[in-house]
Chemist: 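A single structure is presented below for examination.
Below, read A as the first sequence line, B as the second, and so on, with proteins coming before strands; counting in each chain starts at 1. When reading the values below, keep in mind they use all heavy atoms of this one structure, side chains included, and skip hydrogens, waters and symmetry mates.
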2 protein chains.
Amino acid sequence: MTNIASANAIAQVAALIGDAARANMLAALMGGQALAAGELASHARVSAQTASGHLARLLDADLIAVEKQGRHRYYRLASPQIAHALEALMAVAAAGPKRHRPPGPRDEALRLARTCYDHMAGRLGIALADALTGGDHIVLADGAGLITEGGRAFLCDIGIDLAGASNRPFCRTCLDWSERRPHLAGHLGAALLAHALARGWVRRTTGSRALAITPAGRRGFIDAFGLPQDWASPSA
Amino acid sequence: MTNIASANAIAQVAALIGDAARANMLAALMGGQALAAGELASHARVSAQTASGHLARLLDADLIAVEKQGRHRYYRLASPQIAHALEALMAVAAAGPKRHRPPGPRDEALRLARTCYDHMAGRLGIALADALTGGDHIVLADGAGLITEGGRAFLCDIGIDLAGASNRPFCRTCLDWSERRPHLAGHLGAALLAHALARGWVRRTTGSRALAITPAGRRGFIDAFGLPQDWASPSA
DNA sequence: CTCATGGTTCGGCCGGGACCGAAGCATTGG
DNA sequence: CCAATGCTTCGGTCCCGGCCGAACCATGAG
């Protein structure tokens with residue numbers, strides 16, 4: 001008898017994620033921004049009442065959190081742990097049944113650059129991970145990585161301060177579902193996205209997880225991180 | 001419109017895990033050993049027919065794999081990715097709703113030492129992680145870690161060969177659900193368990209994930225890894 | 001105050017799927 | 001060849017839970 005209580009707890013969480021409407025809502029929230037109930041309803045393609053019911057259940061289970069603002073209610077993922085679990089499920093789903101695997105996002109903009117919870121994904125995310133790895137600034141293991149001493153200095157020069165992270169790099173990897181290769185997540189991934197947004201290298205787009213790369217970004221990423229000139233071209 | 005195809009794929013996987021009977025089966029398989037259909041049925045407390053149906057669905061989705069042997073059919077998790085996803089869900093479930101959280105395993109033997117898929121968990125797993133971290137043999141980040149040069153030599157001396165892992169440490173952490181602290185998983189974790197089993201330091205117990213620590217193990221762990229004398233006493 | 005908008009609650013409908021009894025295959029042993 | 005064991009397939013029941021229409025609150029605007 002392995003502990004059946006914990007198995008049942010897993011089942012409850014998984015059952016919540018295991019509904020198409022709720023999964024679509026959670027996937028939308030993986031974009032990293034808080035979304036209003038109505039937006040989530042349209043993402044999931046269900047009516048407002050139905051969405052409300054789903055959101056109440058997700059809220060009750062602490063999978064999401066809510067913030068009231070005027071007559072809107074903005075929902076977001078309750079914790080990075082939730083995002084991590086969704087990523088792991090995504091990896092399983094992508095690797096699993098070969099028959100009906102989604103051929104990745106149709107939208108070219110999404111393949112190029114998008115947000116993934118709180119960091120960058122798509123070819124941009126992968127190019128950054130490759131560049132940092134190639135420059136010996138980070139070392140990637142399976143599922144995670146560490147920042148080297150040189151890498152810490154390098155990032156500090158660029159202007160990315162890994163606050164207080166004396167010996168705790170907070171660097172994780174996340175399997176990119178369009179490119180099937182790992183990109184940077186975790187604390188470092190979030191810091192990179194914040195930095196790129198602050199410098200105006202990328203802009204969020206409304207209604208999509210796609211990131212728009214500005215002209216300054218085209219130069220900035222190449223100059224600062226040493227990305228190859230042709231990093232934006234499809235598939236490595 | 002974020003990609004709804006991938007969200008639906010997640011939903012299908014999560015829905016499979018999100019049933020109490022199937023979750024219990026998968027949790028049992030997290031012990032790392034292949035189990036026969038009948039054993040899984042009793043773990044899940046359902047009839048053989050019901051279990052068979054569940055197993056067929058899990059098999060169809062490539063969450064588990066089967067090996068026929070005589071008139072038995074032994075099922076196991078299809079990949080470490082599956083185990084990883086289950087771990088992540090377990091972490092969410094444990095951190096989630098405060099009301100009905102399972103107070104951890106009642107069984108003292110499980111709290112002391114048990115298998116977690118292919119590595120060691122419980123106070124033993126945590127003590128090993130702490131000792132290796134304290135000795136600067138590994139460095140843990142959130143969710144992963146790297147082996148230092150000294151650590152590689154140290155492990156090699158003990159007799160643990162990290163075959164071909166030149167610069168790829170294959171070292172992950174896994175949140176221990178009884179102790180709420182990370183223990184070692186990944187390639188290194190599996191190697192440690194294999195080593196302990198080979199030396200006769202621990203033995204698998206039938207019908208449970210608990211690991212029995214032999215007298216040789218009591219000495220071996222302390223001598224080889226420098227565990228504190230009182231590592232087995234409850235909570236650090 | 002009154003209306004419009006965003007969101008939630010209530011009630012009833014309905015389908016998917018979990019469950020078990022019974023029967024049907026395979027494999028091993030006598 | 002027959003019996004026992006382990007597992008799967010079939011058929012039928014039943015209930016959980018997703019869905020929407022309608023009505024009900026809350027907030028902000030005129």
Chemist: Hey, could you give me the CD/OH distance between E39(A) and Y75(A), rounded to the nearest 0.5 Å?
Modeler: 12.5 Å
Chemist: Find the distance Q12(A):CD to dG17(D):P and express it as a whole number of Å.
Modeler: 10 Å
Chemist: Under 4.0 Å between any heavy atoms, over every strand shown, what does Y75(A) touch: base, sugar-phosphate, or nothing? Just pick one.
Modeler: sugar-phosphate
Chemist: Can you work out whether R22(A) or K68(A) has the more 5'-proximal nearest nucleotide on DNA chain D?
Modeler: R22(A)
Chemist: Find the distance L59(B):CG to dT9(D):C1' and express it as a whole number of Å.
Modeler: 16 Å
Chemist: Rounded to the nearest 0.5 Å, what's the gap from CG on L77(A) to CD on Q33(A)? Could you check?
Modeler: 12.0 Å
Chemist: Please work out if A48(A) contacts a base, only the sugar-phosphate, or nothing of the nucleic acid, heavy-atom cut-off 4.0 Å.
Modeler: base
Chemist: Under a 3.5 Å distance rule, please check whether N24(A) uses its side chain to pair with a backbone N or O of A20(A) as donor and acceptor.
Modeler: yes
Chemist: Nearest to the A21(A) side chain among dC19(D), dT9(D), dG21(D), which nucleotide is it?
Modeler: dC19(D)
Chemist: On DNA chain D, nearest-nucleotide positions of S47(A) versus R71(A): which is more 5'?
Modeler: S47(A)
Chemist: When we call it a touch if two heavy atoms are under 4.0 Å apart, what does A36(B) touch: a base, just sugar-phosphate, or nothing?
Modeler: sugar-phosphate
Chemist: For R57(A) and dC16(D), what is the distance between atoms CZ and P respectively, to the nearest whole Å?
Modeler: 12 Å
Chemist: Rounding to a whole Å, what distance do you find between L58(B):CG and dT8(D):C1'?
Modeler: 15 Å
Chemist: Could you tell me whether a side-chain N or O of R22(A) sits under 3.5 Å from a main-chain N or O of L16(A), the two making a donor and an acceptor?
Modeler: yes
Chemist: Between R209(B) and T115(B) (side chain of the first, backbone of the second, donor and acceptor by atom type, cut-off under 3.5 Å), is there such a pair?
Modeler: yes
Chemist: Do NZ/NE/NH1/NH2 and the carboxylate oxygens of R114(B) and D176(B) come within less than 4.0 Å?
Modeler: yes
Chemist: Take the protein atom CG of L55(B) and the nucleotide atom P of dT9(D), then report the distance between them rounded to whole Å.
Modeler: 11 Å
Chemist: Just checking A41(B): base, sugar-phosphate only, or nothing, at a heavy-atom cut-off of under 4.0 Å?
Modeler: nothing
Chemist: Quick check on DNA chain C: between V46(B) and G70(B), whose nearest nucleotide comes earlier from the 5' end?
Modeler: V46(B)
Chemist: N24(A) has an atom CG; how far is it from atom P of dC19(D), in whole Å?
Modeler: 11 Å
Chemist: To check you understand the geometry: which heavy-atom pair defines the closest contact between V202(B) and L197(B), and what is its length?
Modeler: O-CD2, 3.5 Å
Chemist: Quick one: H72(B) NE2 to dT5(D) P, roughly how many Å, whole number?
Modeler: 12 Å
Chemist: S52(B) side chain N/O closer than 4.0 Å to the phosphate oxygens (OP1, OP2) of dT8(D)?
Modeler: yes
Chemist: Can you give me the first and the last nucleotide of DNA chain C (5' to 3') that has an atom within less than 4.0 angstrom of a non-hydrogen atom in chain B?
Modeler: dG17(C) to dT28(C)
Chemist: Does a side-chain N or O of R73(B) approach OP1 or OP2 of dT8(D) to a distance below 4.0 Å, or not?
Modeler: yes
